[in-house]
Every structure is written in C-alpha cells, then in structure tokens.
Amino acid sequence: MKADEIRETFLAYFENKGHRRVPSSPVIPQDDPTLLFTNAGMNQFKLALLGKEKRDYSRATSCQKCIRASGKHNDLEEVGRTARHHTFFEMLGNFSFGDYFKKEAIEYAWEFMTEVLRLPTQRLWISVYKDDDQAYAIWNSRIGVPAERIVRLGDVQQGDEENFWSMGDTGPCGPCSEILFDQGEEMSCGPHCGIGKCNCDRYLELWNLVFVQFDRSPDGNLTPLPRPSIDTGMGLERIAAVMQKVQSNFQTDLFRPIIAEMEEIVRRGYSSGPEGMPFRVIADHVRALTFALADGALPSNEGRGYVIRRILRRACRFGRTLGMTEPFLYRLVGPVVDIMARPYPELKEKREYVALVIKTEEERFGETLDQGLELFRKAVQVVQASGQKTIPGREAFRLYDTYGFPLDLTVDMAEEIGLQVDLEGFHEEMKLQKQRAKQASRFREEENQWTILSEGPHSRFIGYDHERATVVIRRMRMATDYIDLVLDQTPFYAEAGGQVGDRGELRGEGIEIEVTDTFRSADAVVHRGKLLKGNIREAKGSLTAQIDSQRRSATARNHTATHLLQAVLRQVLGEHVRQSGSLVAPDRLRFDFTHFSPLSPKELERVEASVNAKIREDIPVSTFETSLEEARRMGALAFFGEKYGERVRLVKIGKESLELCGGTHVKATGQIGQFRLVSESGISAGIRRIEAVTLFSTPRSTG
Ligand code: SER
C-alpha cells in the first residue's frame, strides 16, 4: 500500500466514525509561543483538548506535518542512526474533545490495524502506563490481546515518562498506550532486546493513544481536566514501512525517490547499513527544510531559524562525507515536492524559492566547511595524542565562531569518534566573545609604496553614465598576488555605502589586467587585480577600462531593492526603522536596521509581498544632487554611519523612497524582477538583519 493510500484510508476510516477531517496546520505554529515547531497532531487542538475552546465538532482526524528537532521532542541526533527517526514526519491522528475515551480509542485503533490494514495480530504488542489497569483490561479482556504481549511501562513520580505523554513543559498530557509492531527476531539487538529495554528497531512503536486527563502548569503541577479527551498519533512513515514490508522508513515510497536522486548526484549506491547514514540524514533533513521554509521559517542565528540552520549544516556536513563539495541539497527539493505536493499543495508554488534559500545557505556554509573540518581534525589529533577524551571548549567555539559550526554539529562529529566536547568551556568562550564584541572593520594594509606613472588629477568617478572609458594610469603598486592601480578617471564603482566594488578589465597595447575589486583608500579609487599580460611600468598611453556590466546590473537590482526594503520596513514596522548597515552584492543583499523584536511570519510575508508589489509597479528611479541641508529638509533618509559632504546625491523612487546614496541603481523598479527574503535574524540588541535576493528571471534551481 502506498503512503498516499494509507493516509487517505486512515482519514476516511475516521471520517466514517463521525470525525471531522481537519487539514494539517503549518509546521510553524501560528499562535503558540511555547513551541518552535509543530511537534504533534494535537498541537492545533490544544485548547479543544483542554476544554477551553468550543468547536462545532467533538471528534477530529488529521494528518499533521510535524518537526521534532528542538525542545521536549527532539529526534535530530537519532536521525540516520535508526531506521525510524525523523526531524520531519507526518502524524496520522484521531481526536476526541471530551467525547469518547479509552474504550472507543482502543477499539478504533485495533479495528483499523487488524481489519482495515490487516496486520497480523500476533505481531502486534501493546504497552500501557504502569498502573493504567483500565487500559490494560480493555486490551486484554475486551480486545483479547494476550497478557504476554502487554507491557506496563513508566513511572512519572520516579521521573520515567515512558507511556506518559506531554506536548511540552506545559499543556495537555496524560497516560498513554502504544501499539507496537514486532519486526522479527532478525532485527533484534541481542539478549536484552525488548519493549522499554532497548532502543533498537525490532519493536516499532506505531501508534500512540494518549488519554488526555491533565493540564500541566509551568510549575509541573498536573490539574485534572473536567472532561478527559483523546489524542492519538501514528507516524505515517513507520506504518508505510510495515505495509510495504520494508524494514526501514527510508525504503518506503516517501523516501525512495529522494534517495534515488541522491544516488545520481553523488554517484554512489545507498545501503541500509551504517554506511548509508549520510543518505538517511540528508533525505530526512531536506524534507524538514522544505516544509519549514515553505511554511515561512527562515535560517537565522537564533530560535527557530537557528534550528533550521543547524539541520541544514548537519546535512551539508554529511554531504561532504559523500564527496559533495558543491551545493547539492537544493537539488533534492524537487523530489520532495514531487512526492508531497498532492497532500500538501502549498509546496508547489514554493519550490523555486525553497531551493534558492537552501542553495544560498549551502554556499555560505560551504565556504568555510572544509577549513572547519580541517581544524576539527587537528583538534582531534591533539586530544587523542594526549590520551584525552574531550575536545576543548575553545576549539568548539572557534569552529562555531569562525566556521559557522553549530555546537551540536561539533558534538555530533566528536561522538562519532568516541570523544566529548567541553560544553562549559564553549559557553565561557561565548561569554568572553560577547564582551569583546566589536564590529571588526575592514582593514586593508598599505604594505607597499606607490609608484607614480603620470601626474595630474585622479580618481574622477564617471561610472554613473559610463561602463567603459579611456583612462590613464596615475600610480601603481605591486604585491606578490595582486596589483593596485589608480587612474585619472574611472567607470569602476569603489565599494561604498554597502555596495560592493566593481569588477572588470583594463586593456591596452600588450597589456591586460583583470580587476577583481575596487575600493577607496584615502582620496583614491584603487583598482585591485591581476596582471594577465604585459608590463605596467612600460605602459604607454591610455587603456580601455571596462566594468563587468552584468555584475553591475545585478548589484544595481539589489541596491534599488534595498531602498525599497527600507521603505517597506518603515511602512510595516514603523518609522523607528533605520538602516544601521548593509551589504549590496550582485547575488544578494543584507540590510541591518533598528527594530526590537523578531519579525513574525506574517510581517515577513507582508514585507516581501509589498516590495514585490512596488517592483511590479515599475516605479521610475531618479537621482539628483542637492545640498545636505536641502536633502534634510526634504526628509531624505540618511544612513547615520556615513559621513556626508556639503553636496549630496539623492536616489528617489517615486513617492516611495528618498535616500542619500552614492550607489548605482536600476532605472525603474520593474528591472529588479522579483524579491525574496532569505533570512531574518538579530545581530545585537535592537538591531535586526534581513538577507534577501532578487531574481531577474526564474532560475532553474531545482536541477
Ligand atoms: N501526541 C501524541 C504523540 O505525539 C499522540 O498523538 O505521540
């Protein structure tokens, strides 16, 4: 039976029993601050289960998208090691809000398992909470499950929460009873194998029936509910594995196409043994990422966004073990969407976007991943050589701070080779870092003296109107791996106001120079590059300077988008929003601004939609010069980190935006194409950061 069929059969069965079919809620909880991610089918019914909300139905059934990668229910580290754990999974469930209780819940579950799915009864085992005699009696006397296949587990008083389910530290909870499937002797982990005794894959927990009887308050107290309820959950991936007679969720039709695509990409075959772990981790993680991003999460440095980043970086690291040095994860978004778009149509329209966000993050982490792995290897060598078992917190912190390795990634890698990480030391380093924290300023050393090649004024910028010009070299300096040139005039934009410097080329008689960066140094515009041909000292006469126009245009799109973004943020969040830093590059933009709390998914959605609406309006962009005083009078926005002269340049986007800016822009907003948010995060108290991209034409990024 295909997973799609199982899902449908389940929902239809309970509909038949008078349950309302309720669609899955997003994996990002809309109104529950106690959760980073939806972790169970019951989340959206929390208040109904507690009797605090009345609905026009008292029975419901759903198939819920869940993520368990943080908080009380966190399976992140198990993923890939077992055949059954996931960060993202689907939970089939039936719910009673003060309607039926244990007897019906058990009868329905048994009927569905044995009569609808026709699972062999002798392979089904039952667990109940240690003193839940009522549930025991229903299973044993009413249903007829023999005593030797019913196990009593858990003891909350002793801190053993086995068979006692709670959503989190607060909320609905109660004793539960599970249906397990015996996968057979050959899956056993040895003589101590057994339900509640080991963690192996032999007895597969399929379905959890929670008898919701209490509301747990923050101090841990359990208040009995006036009308007990039912909350059940069955992992679709697990029941699919059983129905498809495979021993691992990763062999079901929910995963096979993803793994097949990976086999293509990495040119290796998957095996279900330990060596297949990277495949399993990656296949799992790309599903979690796809669903989380599609539902509005964004990678960032804190909270939910950081969990996303951790999942992604973990997947990248495992990708390296399969030889993937280039971004690859984003190429798996396609198969995930193909498998899941039928039950979750919202994925379809987000396909390109999700792939792009993943690719951007992969590129960013990829830049430092190898160096980080090298540092890790060295740290391990030192630890092992000294006969120790703990990687110093300082090294884990360096991996985090310099190479972007989340702590649990380092812990994960350490555990794989039987080492630990000094967590206390790590947190100590983190504290010190915060104390030291000062924005590192870009520093360019002037290690070589200039050689004057011609006299006269220099560095006149003519690049607003010209992308190509005839120029004369005024001075030069050479280093081992680059050459710097100052010209009489230049079409090259020197890095300023967050906009990166231009690239391009200089050509003359027998001379060819590739310009790789342009920046200001004192009063000069410095063109840094590589001498490809010729001898500069002998250069006579003029050269032709040509900027990389495509790169300039891409940068201009991002720069104008940054202005629109600021204008929209001020509309959506308020006038307190002010730029406090930015980076405008050809492939992305980053905008730091004053604001005191994270943006909600709704706000992010509005910001993105509103920038796009202004792009579609194709508003003309104009520039003009005026006095600083006049600009202030006109209410132009200035970036308070910048120093301005008496005459200033203003960039105006219709009525939407007026900013002091020396950068290069598109002629009308329509040229930007499309605007997409990539991440939102906090960088220091009261300062948020948004990263975004613009898409000129729709990229084929799911490859
Ligand atoms: N809430 C319970 C669980 O997640 C049953 O749905 O296991």
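Counting convention: from 1, in listed order, for ligands and their atoms alike. For this chain, numbers begin at 1 and follow the sequence in order. The structure presented is a predicted model; accordingly, all values stated were derived computationally and were not measured.
Every residue meeting the ring-ring contact (aromatic ring centres under 6.0 Å, His included) condition with F255, not counting sequence neighbours, appears here in chain and number order: H86, F250. The ring-ring contact (aromatic ring centres under 6.0 Å, His included) test applied to Y100 returns H19, Y108, not counting sequence neighbours. Under the salt bridge (Lys or Arg N to Asp or Glu O under 4.0 Å) criterion, R256 pairs with no residue at all, not counting sequence neighbours.
Side-chain contact annotation: Y270 with Q251, donor-acceptor N/O pair under 3.5 Å absent.
The two residues N163 and S127 have their closest heavy-atom pair at ND2-OG, 3.0 Å.
Contact shell of ligand 1 (protein heavy atoms, cutoff 4.0 Å): A40, M42, R68, M91, W165, N208, V210, D231, T232, G233.
Using a cutoff of 4.0 Å between basic side-chain nitrogens and carboxylate oxygens, E349 and R351 are not scored as salt-bridged.
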